[in-house]
Amino acid sequence: MAAAARTIRLATRLTAVPRPLIARAVLPSSFAQRAAFSLSARRLKSEVIKETEIPVSVYTPDSKGVASSSSDHFSIPVKRIPEPLEEEDVVVPLNENVFRQMPQTLQKMSVMGKVIIITGGARGLGNHMARACAEAGAKAIVIFDANQDLGDESAAELHQKTGLPVSFFKVDVRDGNAINAAVQNVVDLYGTPDVLVNSAGIADSNIKAETYDPAMFRRLIDINLTGSFLMSQAVGRAMMAAGKPGSIILVASMSGTVVNYPQEQSCYNASKAGVIQLGKSLAAEWAKHSIRVNCISPGYMDTALNKVPALDAQKKIWRSLTPQDRLGAVDDLNGLCVFLASDASGFMTGSNVIIDGGYTLY
């Protein structure tokens, strides 16, 4: 009976878990498998069944020390102590009622009702900016990323934490045809996007220019620079076709304006310099369409990519050259991202905002 009751409780809890309301992409068959959002139980890592009592079976030998066939069965209660959530796990979206009570200045600093595409949004800085946009009132969050598993998991998690519409498209930012198909599907699902945050990118570092593999150089330029152009082009055309103003945010780097020390990374620096100049050029061309284009240039950030023992010595140097004596936290770009996406930055275009703890002051 106890086992049966436990099974019933387990089944009840599992069926009570809310199912994500994430629309599947309706794309040509050649693209559908890559873009459609899928969700499986194995990805819902947060679904831990919390027992209210623990079944116990006690087997005791008789007075002669001989094993007994009988046993004692009972249950002990479990005292529930609230477990505080880590700050990064709490994502509370701005709702319409709270928004209406906010002063006008704060309303303009939100992204209330906006559809936002974030590339590289499956992890790292892009994922934290996606969370920030959700908190700031986004209507829908769309994640573009080349990693299928991480993209699915991140989109499912963000949807479950916020209840917002969240979609994931498996898109390589070097694939113009895939980008165009995905952006069109976003328009079909949610309407024309209001904001693009282009955070996808890679970094090659500690490679001497004289030994740099030209194939690696081309790959990095294709992802960091060509990818920024293709994404901006597709989203910009969608905004123009709808006659809708919008904001495009390109994530560049302080490496686009200074040469890093002590590591050698000529290709990465060149790619990010190109992103900054691309942003300025697009801003000049598209201002007549009410499309703003700005760049965020982070300094050294304490992301998973930098948390490797091989970089410990360099990280000490980086910190020593940074007036704030630290690396950027993974959420240090969030406020700037939301500001540039919001109407509060409406008279701001073609800017490159360096957020580096003061590194470039020296």
So, using side chain to side chain contact (heavy atoms under 4.5 Å, CB included) as the criterion, who are the partners of Ala215 when residues are at least two apart? Asp213, Arg218
Checking the side chain of [X] only, and the main-chain atoms of [Y] only, is there a donor and an acceptor separated by less than 3.5 Å?
{"X": "Ser297", "Y": "Ile354", "answer": "no"}
{"X": "Ser271", "Y": "Ile221", "answer": "no"}
{"X": "Asp356", "Y": "Pro298", "answer": "no"}
{"X": "Lys139", "Y": "Tyr190", "answer": "yes"}
{"X": "Ser345", "Y": "Leu340", "answer": "yes"}
{"X": "Thr349", "Y": "Val293", "answer": "yes"}
{"X": "Arg123", "Y": "Asn147", "answer": "no"}
{"X": "His159", "Y": "Leu164", "answer": "yes"}
{"X": "Asn294", "Y": "Met348", "answer": "yes"}
{"X": "Ser199", "Y": "Gly120", "answer": "no"}

Quick check for you: to the nearest 0.5 Å, what is the distance between [X] atom [atom1] and [Y] atom [atom2]?
{"X": "Leu250", "Y": "Leu282", "atom1": "CG", "atom2": "CG", "result": "7.0 Å"}
{"X": "Ile291", "Y": "Arg237", "atom1": "CD1", "atom2": "CZ", "result": "11.5 Å"}
{"X": "Ser281", "Y": "Ile276", "atom1": "OG", "atom2": "CD1", "result": "12.0 Å"}
{"X": "Asp149", "Y": "Ser154", "atom1": "CG", "atom2": "OG", "result": "10.5 Å"}
{"X": "Leu220", "Y": "Leu225", "atom1": "CG", "atom2": "CG", "result": "9.5 Å"}
{"X": "Asn224", "Y": "Asn198", "atom1": "CG", "atom2": "CG", "result": "9.5 Å"}

Heavy-atom count around Glu210 CD within 6.0 Å, excluding the residue itself: above 12? yes
Please indicate whether Lys288 has more than 12 foreign heavy atoms, meaning atoms of other residues, nucleotides or ligands, lying under 6.0 Å from its NZ. yes
Please examine the side chains of [Y] and [X], heavy atoms only from C-beta on, and report whether any two atoms are closer than 4.5 Å.
{"X": "Val186", "Y": "Phe144", "result": "yes"}
{"X": "Arg131", "Y": "Ile141", "result": "no"}
{"X": "Leu196", "Y": "Thr119", "result": "yes"}
{"X": "Asn177", "Y": "Asp175", "result": "yes"}
{"X": "Ile117", "Y": "Phe169", "result": "no"}
{"X": "Met216", "Y": "Cys267", "result": "no"}
{"X": "Pro193", "Y": "Val187", "result": "yes"}
{"X": "Lys280", "Y": "Gln277", "result": "yes"}

Atom pairs and distances, side-chain donor-acceptor, residues 321-330, under 3.5 Å, sequence neighbours left out:
from   : atom 1 : to     : atom 2 : distance (Å)
Thr322 : OG1    : Trp318 : O      : 2.8
Arg326 : NH1    : Asp332 : OD2    : 2.9
Arg326 : NH2    : Asp332 : OD2    : 3.3

Transitive ILVMFWY side-chain link [X] to [Y], under 4.5 Å:
{"X": "Leu150", "Y": "Val142", "value": "no"}
{"X": "Met254", "Y": "Tyr261", "value": "yes"}
{"X": "Met301", "Y": "Ile296", "value": "yes"}
{"X": "Val91", "Y": "Ile143", "value": "yes"}

Please check if any side-chain donor atom of [X] sits under 3.5 Å from a side-chain acceptor atom of [Y], or the reverse.
{"X": "Asp204", "Y": "Tyr212", "value": "yes"}
{"X": "Asn97", "Y": "Gln101", "value": "no"}
{"X": "Gln184", "Y": "Asp188", "value": "yes"}

Minimal non-hydrogen separation, [X] against [Y], with atom names:
{"X": "Ile118", "Y": "Ala130", "answer": "CD1-CA, 3.1 Å"}
{"X": "Ser167", "Y": "Leu189", "answer": "OG-CD1, 4.2 Å"}
{"X": "Val183", "Y": "Ala238", "answer": "CG1-CB, 4.1 Å"}
{"X": "Glu135", "Y": "Val90", "answer": "OE2-O, 3.3 Å"}
{"X": "Asn269", "Y": "Val258", "answer": "ND2-O, 4.3 Å"}
{"X": "Lys114", "Y": "Ala341", "answer": "CE-O, 3.7 Å"}

Side-chain hydrophobic cluster, 4.5 Å single linkage: members besides Met112: Leu94, Val98, Phe99, Met102, Leu106, Met109
Decide side chain to side chain contact (heavy atoms under 4.5 Å, CB included) for Ile116 and Val111; before the verdict, give the C-alpha distance in whole Å, the side-chain angles of both, and the deciding distance to 0.1 Å. CA-CA 9 Å; Ile116 300 178; Val111 292; 4.0 Å; yes
Side chain to side chain contact (heavy atoms under 4.5 Å, CB included), that's the test. Do Asp194 and Lys244 meet it? Break it down for me. CA-CA 8 Å; Asp194 299 276; Lys244 186 177 186 179; 2.7 Å; yes
Could you go through the side chain to side chain contact (heavy atoms under 4.5 Å, CB included) check for Tyr300 and Lys315 one step at a time? CA-CA 9 Å; Tyr300 292 114; Lys315 286 164 72 173; over 6 Å; no
Determine, stepwise, if the pair Leu311 / Gln263 fulfils side chain to side chain contact (heavy atoms under 4.5 Å, CB included). CA-CA 10 Å; Leu311 291 178; Gln263 72 275 21; over 6 Å; no
